[in-house]
Amino acid sequence: MKKKIFRPIITIDGPAASGKGTIAKSVSKDFNLFYLETGIFYRLIGKFYLVSSNKRNIKKFLNSIRKESFLITKNDKQELYNEDVAEKASFLAKSKEVRSFVLTKQLEMLMHYPKEFNGVILEGRDCGTVIVPNADIKFFLTANLEIRAKRRHQQLIVKDKKIIYDDVLMDLKVRDYNDTTRKNSPLVKAKDAIEIDCSSKDIKETIIIVKKFILSKLPYFK
Ligand code: C5P
């Protein structure tokens with residue numbers, strides 16, 4: 001019988017602009033892990049919703065999305081990182097139907113990610129609580145709202161000089177509110193997650209903390 005290889009699952013949850021994407025990407029490269037960006041599923045659905053004629057019937061709308069659309073390439077991602085899409089994604093992520101539709105796609109990907117990877121790292125809002133409650137290592141990132149807004153503003157202004165700090169702050173406030181107060185899968189720390197407050201740490205420091213912790217649990221990754 002073929003021996004089953006243990007491939008660990010690592011989750012990072014946290015609010016918008018807490019740095020979880022950057023950290024997950026860096027960790028995935030260093031340890032050869034498959035990177036699953038769970039928010040991109042909601043963004044894709046948000047993009048389709050903006051132009052859909054089935055806005056009133058969420059089931060019909062979800063059924064109209066083709067399966068292949070979820071094979072998202074790097075190029076496709078770029079058009080999903082805009083504020084209109086993000087706002088719709090955050091709105092739709094409240095819906096039970098949308099969440100269960102997305103969860104099925106995420107679990108499919110988790111079950112079939114390529115064999116060449118040593119494991120998987122997921123980041124989002126409900127990775128350690130709903131998607132994989134039995135994950136091997138869980139992180140929960142936090143950072144003060146104003147600090148996150150400043151960091152996000154600095155990222156965005158490189159591409160668009162007209163971006164206003166107060167708009168970024170308000171957008172994050174609304175998204176935090178939606179994520180933490182929704183009935184279905186709200187953003188909460190899993191009981192067994194390691195919490196890291198990044199308010200006074202830069203991204204490099206946080207990456208070092210995360211990697212050290214992973215190596216303490218999975219020393220063969222060295
Ligand atoms: O992480 P990102 O900002 O790309 O996520 C887009 C939106 O998708 C978030 O505002 C959040 O409401 C939703 N989301 C979610 N659960 C996840 C990941 C993202 O509800 N696991």
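When a ligand or atom number is given, it counts from 1 through the structure's own listing order. Hydrogens, waters and symmetry mates play no part in the numbers below; they use all other heavy atoms, side chains included.
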- Query: Quick one: is the NZ or CZ of Lys189 closer than 6.0 Å to the six-membered ring centre of Phe140, and within 45° of its axis?
  - Reply: no
- Message: Is the ring pair Phe139/Phe213 parallel, tilted or perpendicular, if the boundaries are 30 and 60 degrees?
- Response: perpendicular
- Message: For residues 145-155, which residue pairs pass the side chain to side chain donor-acceptor pair (under 3.5 Å) check, not counting sequence neighbours?
- Response: Arg148-Asp176, Arg152-Gln155
- Item | Rounded distance (nearest 0.5 Å) linking atom CG of Asp76 with atom CG of Leu44 | 8.0 Å
- Calculate, to the nearest 0.5 Å, the distance between atoms CD1 and OH belonging to Ile40 and Tyr81 respectively. 4.0 Å
- Look only at the side chain of Asn118 and the backbone of Leu33, and say whether a donor-acceptor pair between them is shorter than 3.5 Å. no
Distances only, to 0.1 Å: what are the N or O pairs between ligand 1 and the protein that fall under 3.5 Å?
| from | atom 1 | to | atom 2 | distance (Å) |
| --- | --- | --- | --- | --- |
| ligand 1 | 1 (O) | Arg125 | NH1 | 2.9 |
| ligand 1 | 3 (O) | Arg43 | NH2 | 3.1 |
| ligand 1 | 3 (O) | Arg125 | NH2 | 3.4 |
| ligand 1 | 3 (O) | Arg175 | NH1 | 2.8 |
| ligand 1 | 4 (O) | Arg43 | NE | 2.6 |
| ligand 1 | 4 (O) | Arg43 | NH2 | 3.3 |
| ligand 1 | 10 (O) | Arg175 | NH1 | 3.0 |
| ligand 1 | 12 (O) | Asp179 | OD1 | 2.6 |
| ligand 1 | 16 (N) | Arg99 | NH2 | 3.0 |
| ligand 1 | 20 (O) | Arg99 | NH1 | 2.8 |
| ligand 1 | 20 (O) | Arg99 | NH2 | 3.2 |
| ligand 1 | 20 (O) | Arg182 | NH1 | 3.2 |
| ligand 1 | 20 (O) | Arg182 | NH2 | 3.0 |
| ligand 1 | 21 (N) | Thr38 | OG1 | 3.0 |
| ligand 1 | 21 (N) | Arg125 | N | 3.0 |
| ligand 1 | 21 (N) | Asp126 | OD1 | 2.7 |

